Number of protein chains: 2
Amino acid sequence: MESTEHSGRQQTATERRRRELLEAAERIVLRDGPDASMNAIAAEAGITKPILYRHFGDKGGLYRALAVRHTDALLANLATALDAPVLRRDRVEATLDAYLLAIETRPQVYRFLMHPSDEDHPSESSFDVGRHSAPLLRRLGEELAKVITDRLDLGPGGELTARVWGHGIVGMMHGAGDWWLRERPCSREQLVEQLTDLLWGQLAAVKDRVDGPGF
Amino acid sequence: MESTEHSGRQQTATERRRRELLEAAERIVLRDGPDASMNAIAAEAGITKPILYRHFGDKGGLYRALAVRHTDALLANLATALDAPVLRRDRVEATLDAYLLAIETRPQVYRFLMHPSDEDHPSESSFDVGRHSAPLLRRLGEELAKVITDRLDLGPGGELTARVWGHGIVGMMHGAGDWWLRERPCSREQLVEQLTDLLWGQLAAVKDRVDGPGF
DNA sequence: TTTCAGATGTTACTAGCGGTAACCCGCAGT
DNA sequence: ACTGCGGGTTACCGCTAGTAACATCTGAAA
């Protein structure tokens with residue numbers, strides 16, 4: 001235990017190095033998108049591949065380490081929007097807007113976070129069919145479910161309802177956001193309003209067309 | 001033009017060959033998931049790689065050719081559910097159920113369709129940030145938008161509203177379906193009902209918790 | 001009948017990827 | 001002086017997508 005101070009310093013040193021490597025990796029991922037290779041990242045950091053593998057195990061490890069930072073940041077943003085002491089509808093609007101602002105200002109990061117591509121091969125083996133969506137989406141869904149459970153009185157079986165709604169709303173946000181980012185058919189405010197209208201039951205409220213078969 | 005009959009026969013012959021190759025590819029993709037390699041597919045078809053490349057150009061071409069079949073099939077299913085002459089809410093339920101039934105019965109196909117992984121590199125070059133979601137989702141969103149525009153009276157600016165709602169609903173379906181397929185927290189019928197409730201404005205209608213800060 | 005076109009098929013290769021084994025060096029502590 | 005150990009490198013493996021070059025069969029035109 002005499003080497004506590006020493007190992008402590010080493011600890012901070014390796015942590016610092018790790019952060020430097022992560023920053024280099026981020027630069028490359030931002031530049032090359034999903035084509036970022038370990039060679040390129042190592043070169044950007046001024047070193048060679050094996051060091052990366054010593055620090056992060058494999059490519060999935062590096063990507064995961066890179067992802068948690070932004071995931072945490074985004075989740076924090078959304079949490080504040082979700083916890084604002086305003087009307088429920090304003091809170092929903094603020095949350096949607098926070099998400100869309102995030103993906104608008106840093107689309108490369110967004111793309112990286114949402115694109116699991118391969119990774120996570122080593123962990124939880126055996127073909128679990130259906131797995132595909134990014135961990136970030138799952139976390140978002142669960143987080144939103146918690147808030148819904150806390151805030152709304154859903155009666156018996158409400159926990160299931162909350163989770164379905166959480167993942168459904170997150171999916172809606174993601175799908176609409178992805179489409180919007182690609183086509184930019186309107187302003188962010190407009191998009192937020194339309195989506196909030198949708199969540200507020202406008203789909204059920206608007207009238208049928210008069211000239212069509214009125215079902 | 002004299003060789004019309006000849007080239008016609010050749011046409012059908014190569015088309016048949018192409019279909020055989022696609023069926024072999026499908027078998028392998030269903031077995032190996034996203035790890036399916038061109039070598040494996042060629043071996044399954046009883047041939048070697050270059051023939052695949054002659055037929056489909058590159059791996060993206062093969063995947064695209066493979067995708068359009070299932071995409072068309074799924075779209076046809078959804079279109080019938082969407083066009084059923086029943087109440088609007090029943091139609092929404094039927095559509096959700098059709099989608100979820102499809103991904104439930106053939107999760108590997110679903111996974112393949114939703115996972116662009118790499119592909120489409122050759123076309124529309126230059127980093128178009130934000131692109132990520134599968135073409136299937138885009139088509140679904142647009143298709144749904146068309147139906148909404150046709151059926152609902154959304155007033156001025158209704159076309160934008162329809163597209164936002166279309167992509168938002170498809171995203172909700174996708175997100176919730178993905179989560180449900182992974183965790184199987186309830187039956188399909190329950191999920192459909194909860195999602196329809198969400199779309200029908202229950203999020204706005206339910207009461208706040210009495211014990212919480214009642215916003 | 002010969003000859004030419006075109007499709008089918010092969011072997012053998014390139015370039016690059018993720019990942020690893022083996023080795024080197026400098027610097028702490030005993 | 002010796003020993004361990006963290007940072008670093010070279011050189012490699014097995015794999016992938018993709019390609020060039022060559023062989024073969026078939027059927028139509030000269």
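The chains referred to below are lettered A, B, ... by the order of the sequence lines, with proteins before strands, and numbering in each begins at 1. It should be emphasised that the depicted structure is a prediction, and the values quoted were computed from it without experimental measurement.
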Heavy-atom nearest pair, B/His55 first then B/Arg18, reads O-NH1, 3.5 Å
Main chain of B/Ser187, side chain of B/Gln190: is a donor-acceptor contact present, judged purely on distance under 3.5 Å?
yes
So, B/Asp32 side chain and B/Asp35 main chain: donor-acceptor pair closer than 3.5 Å or not?
no
Looking at B/Arg88 and A/Leu203, would you say the former's side chain and the latter's main chain have a donor-acceptor pair under 3.5 Å?
yes
Smallest heavy-atom separation, B/Ala98 atom then B/Leu78 atom, equals CB-CD2, 3.7 Å
Among side-chain atoms of A/Tyr99 and A/Asn77, is any donor-acceptor pair under 3.5 angstrom?
no
Rounded to the Å, how far apart are B/Asp35 CG and D/dA17 C1'?
15 Å
Here the distance between atom C1' of D/dA11 and atom CG of A/Asn39, to the nearest Å, is 13 Å
Given atom CE of A/Met38 and atom C1' of C/dG18, what is their separation to the nearest angstrom?
8 Å
End-to-end bend of the helix from C/dT1-D/dA30 to C/dT30-D/dA1 (five-pair axes, 10° rounding)?
30°
Considering only heavy atoms, which members of residues 45-56 of chain B lie under 4.0 Å from some atom of DNA chain C?
B/Ile47, B/Thr48, B/Pro50, B/Ile51, B/Arg54
Looking only at heavy atoms, the pair that brings A/Ile47 and A/Arg17 closest together is CG2-NH2, 3.7 Å
Around B/Glu159, counting heavy atoms of other residues, nucleotides and ligands shown, do more than 12 lie under 6.0 Å from its CD?
no
So, does A/Trp180 use its side chain to make a donor-acceptor pair with the main chain of A/Cys186 at under 3.5 Å?
yes
Verify, without hydrogens or angle tests, whether A/Trp200 (side chain) and A/Leu195 (backbone) share a donor-acceptor contact under 3.5 angstrom.
no
Specify the residues of residues 17-27 of chain A, ordered by number, for which at least one heavy atom lies under 4.0 angstrom from an atom of DNA chain C.
none
